[in-house]
Amino acid sequence: QLQLVESGGGLVQPGGSLRLSCAASGFTLDHYSIGWFRQAPGKEREGVACISSTDDITYYTDSVKGRFTISRDNAKNTVYLQMNMLKPGDTAVYYCAANYSPIQAMCFITRTRYDWWGQGTQVTVSS
């Protein structure tokens, strides 16, 4: 059974950092592009960042560029989202998702491209 499990969320002050993890089970991530998405109360789920299955090509939405970094460790079957300089506007439930896309050096933060989703982890940025 394919499963993604996010962890690492929590409460942090503005300007602080968190590292989210997305651990896969039931499949190996090396043939998948992985996306991070977030959903704040009353808002649509939006794409934040993604990483390709090949060559680790990354893409970020404008609001997180320079602050967030996505990376993958295929040996640990885990993808990470390092979030620095957090702002109250980053408060949301964060989800990771997988898209089967072998030998592909590109990724997209379009929700409909992703087939498997985790259950989400809450990130709250507040003083």
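Remember, predicted model here, so these are calculated numbers, not experimental data.
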Q: Look at atom NZ of K65 and say whether more than 12 heavy atoms of other residues, nucleotides or ligands are closer to it than 6.0 Å.
A: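 Above 12, so yes.
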
Main-chain N/O of [Y] paired with [X] side-chain donor or acceptor, under 3.5 Å:
| X | Y | answer |
| --- | --- | --- |
| Q119 | V5 | no |
| N77 | A24 | yes |
| R72 | L29 | yes |

Q: Would you check if there is a donor-acceptor pair between the side chains of S101 and S33 at a distance under 3.5 Å?
A: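 Per modelled atom types, S33 and S101 side chains form a pair under 3.5 Å.
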
So do the side chains of [X] and [Y] get within less than 4.5 Å of each other, counting heavy atoms only?
| X | Y | result |
| --- | --- | --- |
| S52 | Q104 | no |
| R38 | L20 | no |
| W36 | V79 | yes |
| L2 | D115 | no |
| Q122 | T91 | yes |
| M83 | L18 | yes |

Q: Enumerate the residue pairs fulfilling ring pair (Phe, Tyr, Trp, His ring centres under 6.0 Å) with a member in residues 86-121, sequence neighbours excluded, ordered by first and then second residue.
A: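 Every pair satisfying ring pair (Phe, Tyr, Trp, His ring centres under 6.0 Å) with a residue in residues 86-121: Y32-Y100, Y32-W116, F37-Y114, F37-W117.
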
Q | Salt bridge K87-D90, side-chain N to carboxylate O under 4.0 Å | A |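 Looking at D90 together with K87, the answer is no, because their closest N to O distance does not fall below 4.0 Å.
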
**Q.** Nearest atoms (heavy-atom pairs only) where T78 meets S21
**A.**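 It is CG2-CB, 4.2 Å.
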
